[in-house]
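Presented below is the structure to which this report refers.
All chains are named by letter (A, B, ...) in the order of the sequence lines, taking the proteins before the strands, and each is independently numbered beginning at 1.
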Amino acid sequence: AQRVTQPEKLLSVFKGAPVELKCNYSYSGSPELFWYVQYSRQRLQLLLRHISRESIKGFTADLNKGETSFHLKKPFAQEEDSAMYYCALSGSNTGKLIFGQGTTLQVKP
Amino acid sequence: GAVVSQHPSWVICKSGTSVKIECRSLDFQATTMFWYRQFPKQSLMLMATSNEGSKATYEQGVEKDKFLINHASLTLSTLTVTSAHPEDSSFYICSAFASSPGLGAETQYFGPGTRLLVL
């Protein structure tokens, strides 16, 4: 079965602390993995995708096929990073996305 | 960048009426659009895939006669909630799949969502 699991509903850290938002997936083929972010009262937007292997707003994510994980990391969290983060998987060239349950990141001053 | 709009942003209707929600890609053409439903504090649930010029593909458990999808052009898809009932109250989000180069190829761009409240 195709599934994306984000085990933490809420992650609360202090400003400047490292952040890791966990994402595990289940897929029989070779999926493409994404992280989407939704800031308060804004639409969902793409943060990064594994094939790009880039760092956006200080966030990185590495696809670990052995552990079927795509954890999102940032070494020093900022207050403006507070948002809802969704891990998503696309398994075909149709673009269809399967979302995880989402993790709310709260960065305290 | 690519922008997707939705109209209306919110709607309140009486039980039994039908509501149409529009999703437009403003500066790019989208052969494929997706419709999602999101309950409070929950994730997005894919309802259907809308392909220009063909019938929509519905996910398991989504009633196609209740949620009518039309993708009449490369920039417009509509979702009509027919004979709406209070349990249809939700946040409906569309996305457009940009497959042309130069837009972050094969990327989904999301609309702002439409909040539906059925009384």
- Would the number of heavy atoms belonging to other residues, nucleotides or ligands and lying under 6.0 Å from NZ of A:K15 be above 12? no

- Task: Kindly work out whether a path of hydrophobic side-chain contacts (I/L/V/M/F/W/Y, heavy atoms less than 4.5 Å apart) joins A:F99 to B:F97.
- Result: yes

- Item | Note, A:L97 side chain near B:Q108 side chain (heavy atom, < 4.5 Å) | yes

- Listed by residue number, which members of residues 47-60 of chain B have a heavy atom under 4.5 Å from any heavy atom of chain A? B:T49, B:E59

- Message: Are more than 12 heavy atoms, taken from residues, nucleotides or ligands other than B:H85, located less than 6.0 Å from that residue's NE2 atom?
- Response: yes

- Message: For A:G100, is there any backbone N or O sitting under 3.5 Å from a side-chain donor or acceptor partner on B:S43?
- Response: yes

- Okay, side chain of A:R43, backbone of B:F110: is any donor-acceptor separation there less than 3.5 Å? yes

- Query: Can you say whether A:Q38 sits under 4.5 Å from chain B via the side chain, the backbone, both, or neither, judging by heavy atoms?
  - Reply: side chain

- Item | B:I69 with B:I93, same ILVMFWY side-chain cluster at under 4.5 Å | no

- Step through the shown structure and confirm whether more than 12 heavy atoms of other residues, nucleotides or ligands are within 6.0 Å of CD on B:E87. yes

- Would you kindly confirm whether B:F91 and B:W35 end up in one hydrophobic cluster when ILVMFWY residues are joined by side chain heavy atoms under 4.5 Å apart? no

- Query: Between A:Y86 and chain B, which part of the residue has a heavy atom less than 4.5 Å away: side chain, backbone, both or neither?
  - Reply: side chain

- Task: Answer with side chain, backbone, both or neither: which region of A:I98 has an atom nearer than 4.5 Å to a non-hydrogen atom of chain B?
- Result: neither

- Task: Would you mind checking which part of A:L44 comes under 4.5 Å of any heavy atom in chain B, side chain (CB onward), backbone (N, CA, C, O), both or neither?
- Result: both

- Message: Quick check on A:K22: does its NZ atom have over 12 non-hydrogen neighbours (other residues, nucleotides or ligands) under 6.0 Å away?
- Response: yes

- Item | Path from A:I56 to A:L105 over hydrophobic side-chain contacts below 4.5 Å | yes

- Linking I/L/V/M/F/W/Y whenever any side-chain heavy atoms sit under 4.5 Å apart, do B:V81 and B:Y36 land together? no

- Message: Counting only non-hydrogen atoms closer than 4.5 Å, does B:L46 touch chain A with its backbone (N, CA, C, O), its side chain (CB onward), both, or neither?
- Response: side chain

- In this structure, are over 12 heavy atoms from other groups packed under 6.0 Å from A:F14 atom CZ? no

